[in-house]
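Below is one structure, written out as structure tokens, with a few remarks after it.
In listed order, ligands and their atoms are each counted from 1.
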Amino acid sequence: MQTKMLINGEMLEGGGSALPILDPATGETVAHVPEATPEQIEAATVAAHEAFETYRLVTPAERAGLLNTIADVIEENIEELSELETLDVGKPWPMARDEEMPLIIDTFRFMAGAARTMNGSVAGEYAVGHTSMIRKDPIGPVASIAPWNYPLMMAAWKIAAPLAAGCTIVMKPSEITPIATLRLAELLTDVLPKGVLNILHGRGSSVGDTLINDPRIEGISVTGSPATGMAAMRAASNQIRHVHLELGGKAPVIVFDDADIDAVAEMIRYGSFFNAGQDCAQPCRLMVQNGIYDKVVAAVADQVGQIKVGAPRSDGAEMGPVVSAVQRDRVAGFVDRARSSAEIAVGGKVDEGPGFFYQPTVVANVDNDAEIACSEVFGPVVTLSRFSDSEDALRTANAGRYGLASSIWTKDLSTAMKMSAQLRYGMTWVNTHGMPAAEMPWAAMKGSGTGCDMSVYALDAYTSVRHVMVAH
Ligand code: NAD
């Protein structure tokens with residue numbers, strides 16, 4: 001297994017502590033990957049700093065060519081990368097290959113096109129005898145920090161947009177799921193100019209923290225938990241740096257009396273338990289209007305009760321383990337604390353046997369202000385609570401700390417329009433949930449972050465608007 005890091009165009013073994021990488025389906029160690037030393041972190045940031053001087057001048061067409069080549073390389077190695085991703089996160093085979101890889105590849109292809117759309121909005125005379133131009137230029141070397149839930153997809157989001165914008169990168173995948181990203185690093189060694197992309201391995205508290213505080217880093221881009229987002233903002237404030245955050249979520253699924261109940265229940269089965277529920281946009285908080293509440297609980301419980309849980313290669317497995325023992329115990333803690341005040345309609349237990357399995361779980365009759373209704377569980381758990389009318393639903397949904405994904409389920413167009421205009425979430429779907437498109441922003445509001453990934457708007461985090469004025 002490839003365990004080296006990419007620093008200044010070379011594959012190097014980390015000189016720090018060797019961190020164990022576990023197979024979540026068995027709990028067994030599949031590799032030990034040494035993390036970067038402070039000297040190696042410095043070498044990577046120096047490389048990104050030096051490479052920026054030439055990479056920022058590379059034409060958009062050439063940047064597009066590089067991004068398309070990355071997409072080709074991933075496509076040529078799709079089986080191997082999917083295998084590594086499955087081993088790292090424990091997802092059922094072939095979900096990584098069939099559901100995630102197409103968007104990963106498309107992210108690079110879309111950003112190849114987006115690189116060629118970066119332009120300012122004016123050239124004109126705003127003072128007599130002077131012509132002004134607006135430019136959008138890359139900000140400089142970026143520290144890109146990714147989480148463990150979709151390691152390669154998050155790496156794609158954290159690499160493609162900065163490269164399209166003309167920035168160089170030092171990237172760090174999660175210390176518990178680095179193996180597909182480190183293999184991608186090796187595959188890209190000869191694709192990109194030296195130092196343009198550097199990939200390190202290590203813990204957040206050591207490698208991540210050193211990286212985001214390095215004086216050569218001009219932008220910090222994090223996908224992760226709110227705690228890491230706060231650490232990034234603190235680091236950015238020390239040096240006045242750009243910061244882009246995609247953090248946690250707690251997506252409300254607002255189901256009105258006229259909704260298609262079967263469609264809601266099916267979406268919950270396939271959407272909420274995909275990736276064992278470890279998804280920042282997971283449709284996890286069902287808010288159901290009083291008139292159909294009991295029917296929705298029954299339909300959701302019926303669908304979720306049928307989910308087949310198993311190891312990645314087991315026959316018909318729809319859902320695998322969660323990523324680690326820590327995550328499984330965290331999920332169990334949320335459900336256990338909810339037991340006394342809510343009803344566990346399905347699941348609610350750690351599965352026996354090796355690996356980090358937790359049963360697909362439905363918790364009904366949850367108060368809207370209960371911990372499990374308001375905090376991100378990030379596991380195979382959904383809750384159901386009630387609302388009376390659209391004002392009540394809006395008030396409850398908008399009161400939470402998060403503002404990432406949301407959905408509205410109704411046949412009434414005016415309800416859909418009014419709700420979607422007033423929900424304070426970066427993304428709102430109507431009669432569906434979580435469907436991504438490379439052209440559309442994965443956008444955050446409130447405690448879920450700043451800015452977005454995907455779409456041309458992702459480039460904003462990595463570019464500065466500049467004014468150039470010529471006297472004549
Ligand atoms: P995490 O914050 O624990 O770790 C994310 C990354 O940050 C890891 O690489 C980690 O090593 C690093 N890190 C941790 N502390 C750091 C520090 N002080 N300085 C620098 N780096 C540090 O998150 P996680 O547990 O890996 O991922 C789960 C979280 O990610 C959830 O909250 C989930 O909602 C969120 N997430 C958000 C999105 C989105 O698009 N909004 C997508 C996926 C995951």
Quick one: do Glu75 and Arg109 satisfy side chain to side chain contact (heavy atoms under 4.5 Å, CB included)? Show the steps, please.
CA-CA 11 Å; Glu75 213 155 31; Arg109 293 213 193 288; 2.8 Å; yes
Is the shortest distance from a Lys or Arg side-chain nitrogen in [X] or [Y] to a carboxylate oxygen in the other one below 4.0 Å?
{"X": "Glu352", "Y": "Lys349", "answer": "no"}
{"X": "Glu100", "Y": "Lys91", "answer": "yes"}
{"X": "Arg183", "Y": "Glu186", "answer": "yes"}
{"X": "Arg203", "Y": "Asp209", "answer": "no"}
{"X": "Arg216", "Y": "Glu50", "answer": "no"}

Trp442 contact mode with ligand 1 (heavy-atom cut-off under 4.0 Å):
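Side chain only; the backbone of Trp442 stays clear of ligand 1.
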What protein heavy atom lies closest to [atom]? Include the residue and the distance to one decimal.
{"atom": "atom 3 (O) of ligand 1", "answer": "Ser225 OG, 3.9 Å"}
{"atom": "atom 24 (P) of ligand 1", "answer": "Trp148 NE1, 3.3 Å"}
{"atom": "atom 20 (C) of ligand 1", "answer": "Gly208 C, 3.2 Å"}
{"atom": "atom 38 (C) of ligand 1", "answer": "Cys280 SG, 3.0 Å"}
{"atom": "atom 32 (O) of ligand 1", "answer": "Glu376 OE1, 2.7 Å"}
{"atom": "atom 28 (C) of ligand 1", "answer": "Phe378 CE2, 3.5 Å"}
{"atom": "atom 37 (C) of ligand 1", "answer": "Leu247 O, 3.0 Å"}
{"atom": "atom 11 (O) of ligand 1", "answer": "Glu175 OE1, 2.6 Å"}

Short list, please: which atoms of ligand 1 are under 4.0 Å from a heavy atom of [X]?
{"X": "Met154", "result": "42 (C), 43 (C)"}
{"X": "Ile212", "result": "19 (N), 20 (C)"}
{"X": "Ser174", "result": "9 (O)"}
{"X": "Ile145", "result": "6 (C), 7 (O), 9 (O), 12 (C), 21 (N)"}
{"X": "Gly224", "result": "2 (O), 5 (C), 23 (O), 29 (C), 30 (O), 32 (O), 35 (C)"}
{"X": "Pro173", "result": "9 (O)"}
{"X": "Ala231", "result": "18 (N)"}
{"X": "Asn149", "result": "43 (C), 44 (C)"}

Mind checking whether Asp453 has an N or O less than 3.5 Å away from an N or O of ligand 1?
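N/O-N/O distance below 3.5 Å does not exist for this pair.
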Looking only at non-hydrogen atoms, which of Thr228, Asp209, Asp279, Asn275 approaches atom 4 (O) of ligand 1 most closely?
Thr228
Counting heavy atoms only, which of Ala143, Ala146, Gly204 comes nearest to atom 9 (O) of ligand 1?
Ala146
Is it the case that more than 12 heavy atoms not belonging to Lys446 sit under 6.0 Å from its NZ atom?
yes
So for atom CE, which belongs to Met417, do other residues, nucleotides or ligands contribute more than 12 heavy atoms lying within a distance under 6.0 Å?
no
Roughly how far, to the nearest 0.5 Å, is the CG atom of Asp88 from the CD1 atom of Ile179?
4.0 Å
Can you tell me how far the CG atom of Leu197 sits from the CG atom of Leu192, to the nearest 0.5 Å?
6.0 Å
Counting only N and O atoms by type, is there a donor-acceptor contact under 3.5 Å from the side chain of Gln40 to the main-chain atoms of Leu200?
no
Counting C-beta onward and ignoring hydrogens, is there a side-chain heavy-atom pair between Met154 and Trp148 closer than 4.5 Å?
no
